[in-house]
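From a predicted model like this one, the values you see are computed outputs, not experimental measurements.
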Amino acid sequence: MDLLQLKYFVALAESEHLNKTAQKMIITPSTLSTSLARLEKDLDVKLFDRVGRNIRLNEFGRIYYKYCKEIFCALDNAAAEITEAQNKISRNITIGLTNPLLWQEPFQQIRADHPEIRFHLIAFDTGTEHSDTSKLDLIIASLDSLSDAYLASKVLFYDEVLLAVPPQHRFAKEKSIDLAEAKDEWFVNSLKNTSFRQFCDALCMKAGFVPKTQIECDYILRSKMMISENMIGIITRRGYLTGIYNETIAVPLKFPKCARPQAIFWHKNRYQTKEMQTIKDFMVNYYKDYKPLNENELQK
């Protein structure tokens with residue numbers, strides 16, 4: 001076996017899809033199948049179960065995947081530490097963000113304070129095609145959106161959940177509201193499979209109903225659709241502070257009253273460069289005294 005074989009195996013283990021993996025690795029499916037067959041012959045064990053036309057990583061495959069990840073992590077760590085030892089201080093840091101607008105202000109500040117760091121900020125969300133964490137140095141997302149055993153995290157702040165309604169809506173003058181009162185309302189919701197959509201659906205279920213989703217769209221369009229269609233949506237205080245929902249009224253929830261923890265994630269076994277540590281420390285310090293708007297400010 002060689003590193004290329006292991007690289008193919010790791011990619012296939014993460015996608016569990018032969019054709020997509022072959023396309024990603026820029027090889028033919030037959031080449032990938034041959035590589036896997038040779039690896040399984042060397043190990044004298046099957047690493048995948050064939051389920052119809054699909055493949056699933058089995059118990060032996062999960063064990064082998066764990067150690068293969070450690071091998072590639074160690075090689076990446078060696079390269080990163082060598083680069084740092086050569087005093088190559090200008091380094092690209094790739095950061096995944098579930099909602100870039102939420103983090104605009106701190107990143108403007110950190111770029112001003114640390115111009116030597118080159119940022120690559122990309123949209124990221126679990127449950128979608130943009131959910132691969134392996135190429136990311138850091139991830140900033142809600143704590144409940146990632147459950148990867150290879151990731152460590154630090155909570156930055158707790159983001160209270162609110163109900164956004166148009167100014168002319170019957171809920172607009174409420175100081176607070178029980179979410180169950182909205183069971184017959186039409187919702188403008190986030191796109192399916194996104195972590196925030198899953199969170200909102202679960203919150204409504206906790207209130208005793210399934211939300212009547214009339215429109216699904218991204219976070220930039222949600223406010224406009226709420227206003228034009230006189231519909232409502234679930235948002236957070238931090239989301240409200242970005243200005244996206246300025247035309248709506250944000251109403252605090254009495255029940256279920258909850259706050260979504262926002263956190264910074266990093267790979268447990270990956271070498272942490274000085275630049276990565278700088279960003280982690282900055283984000284923690286930036287939000288240590290974070291205070292959301294009070295109810296009176298939300299109602300303005």
Side-chain angles (χ1 to χ4, degrees), residues 96-104 122-132 139-147 157-174 176-263 292-293 295 298-299:
L97 305 170
T98 52
N99 184 341
L101 286 178
L102 288 180
W103 312 103
Q104 184 174 340
I122 64 173
F124 167 88
D125 207 329
T126 56
T128 72
E129 67 273 20
H130 306 295
S131 61
D132 182 12
I139 306 156
I140 302 179
S142 60
L143 190 63
D144 61 349
S145 64
L146 286 170
S147 57
F157 63 90
Y158 290 84
D159 202 3
E160 186 178 359
V161 178
L162 311 163
L163 189 68
V165 303
Q168 70 275 20
H169 195 275
R170 65 189 182 96
F171 292 155
K173 294 183 179 180
E174 299 290 336
S176 61
I177 190 170
D178 189 320
L179 186 57
E181 297 177 51
K183 63 183 179 66
D184 295 321
E185 299 290 328
W186 286 107
F187 280 75
V188 178
N189 225 326
S190 299
L191 298 172
K192 283 184 178 178
N193 298 325
T194 59
S195 59
F196 191 66
R197 171 63 179 274
Q198 294 166 359
F199 172 82
C200 292
D201 287 350
L203 191 67
C204 290
M205 290 293 290
K206 187 175 181 179
F209 69 97
V210 176
K212 295 167 58 178
T213 300
Q214 180 72 19
I215 299 173
E216 297 175 344
C217 57
D218 63 28
Y219 57 86
I220 295 177
L221 291 176
R222 288 182 72 215
S223 175
K224 296 183 183 298
M225 299 308 297
M226 289 178 203
I227 296 297
S228 65
E229 304 301 319
N230 196 35
M231 296 181 185
I232 65 175
I234 295 172
I235 65 171
T236 66
R237 285 183 183 263
R238 188 64 191 169
Y240 190 83
L241 283 171
T242 64
I244 301 175
Y245 301 101
N246 275 355
E247 296 182 52
T248 68
I249 303 297
V251 184
L253 297 178
K254 288 187 290 189
F255 181 84
K257 191 173 181 65
C258 69
R260 202 172 186 217
Q262 299 294 328
L293 293 174
E295 292 182 11
L298 285 168
Q299 296 290 335

Take V210 and M205 through the side chain to side chain contact (heavy atoms under 4.5 Å, CB included) test and state the conclusion after the steps.
-> CA-CA 6 Å; V210 176; M205 290 293 290; 3.5 Å; yes
Going by heavy atoms in the side chains, are L221 and V188 under 4.5 Å from each other?
-> no
If every non-hydrogen atom of A207 is compared with every non-hydrogen atom of A180, which pair is closest and at what distance?
-> O-CB, 3.6 Å
Taking R237 for the side chain and A250 for the main chain, is one N or O donor matched with an acceptor at less than 3.5 Å?
-> no
Atom CD of E229 with >12 non-hydrogen neighbours under 6.0 angstrom = yes
Are the charged groups of K254 and E174 less than 4.0 angstrom apart, N to O?
-> no
When every non-hydrogen atom of P166 is compared with those of I232, the smallest separation belongs to CD-CG2, 4.4 Å
For the residue pair R197 and T213, establish whether any side-chain heavy-atom pair is separated by less than 4.5 Å.
-> yes
Heavy-atom side-chain proximity of Y219 to I235 below 4.5 angstrom = no
Value for SG (C217) from NZ (K224), rounded to nearest 0.5 Å, stands at 11.0 Å
Would R238 and L241 satisfy side chain to side chain contact (heavy atoms under 4.5 Å, CB included), going step by step from the backbone distance to the final call?
-> CA-CA 5 Å; R238 188 64 191 169; L241 283 171; 3.7 Å; yes
Verify, without hydrogens or angle tests, whether S223 (side chain) and I244 (backbone) share a donor-acceptor contact under 3.5 angstrom.
-> yes
Shortest non-hydrogen contact from R222 toward G233 = NH2-CA, 3.6 Å
Report yes if some heavy atom in the side chain of L179 is under 4.5 Å from a heavy atom in the side chain of P256; otherwise report no.
-> yes
Do the side chains of Y245 and L162 get nearer than 4.5 Å, heavy atoms only?
-> no
To the nearest 0.5 Å, how far apart are CD1 in I139 and CD1 in I122?
-> 9.0 Å
Side chains of T242 and Q104: closer than 4.5 Å at any heavy-atom pair?
-> no
Looking at OG of S176 and CG of L163, how far apart are the two atoms once the value is rounded to the nearest 0.5 Å?
-> 11.5 Å
If you round to the nearest 0.5 Å, how far is SG of C204 from CZ of F187?
-> 4.5 Å
Could you tell me whether a side-chain N or O of Q198 sits under 3.5 Å from a main-chain N or O of N193, the two making a donor and an acceptor?
-> yes
Hey, which of M231, K212, H169 is the one that makes side-chain contact (heavy atoms from CB on, under 4.5 Å) with E185?
-> H169
Heavy-atom check, side chain of I234 versus side chain of P211, under 4.5 Å = no
Minimum heavy-atom distance between Y158 and A259, given as atom pair plus value = CB-CB, 3.9 Å
Report yes if some heavy atom in the side chain of I227 is under 4.5 Å from a heavy atom in the side chain of P167; otherwise report no.
-> yes
Might you work through the side chain to side chain contact (heavy atoms under 4.5 Å, CB included) test for D159 and Y240, ending with a clear yes or no?
-> CA-CA 10 Å; D159 202 3; Y240 190 83; over 6 Å; no
CD/Q168 to NZ/K173 distance, rounded to the nearest 0.5 angstrom?
-> 12.0 Å
Nearest 0.5 Å please: distance from the CD1 atom of I215 over to the OG atom of S228.
-> 6.5 Å
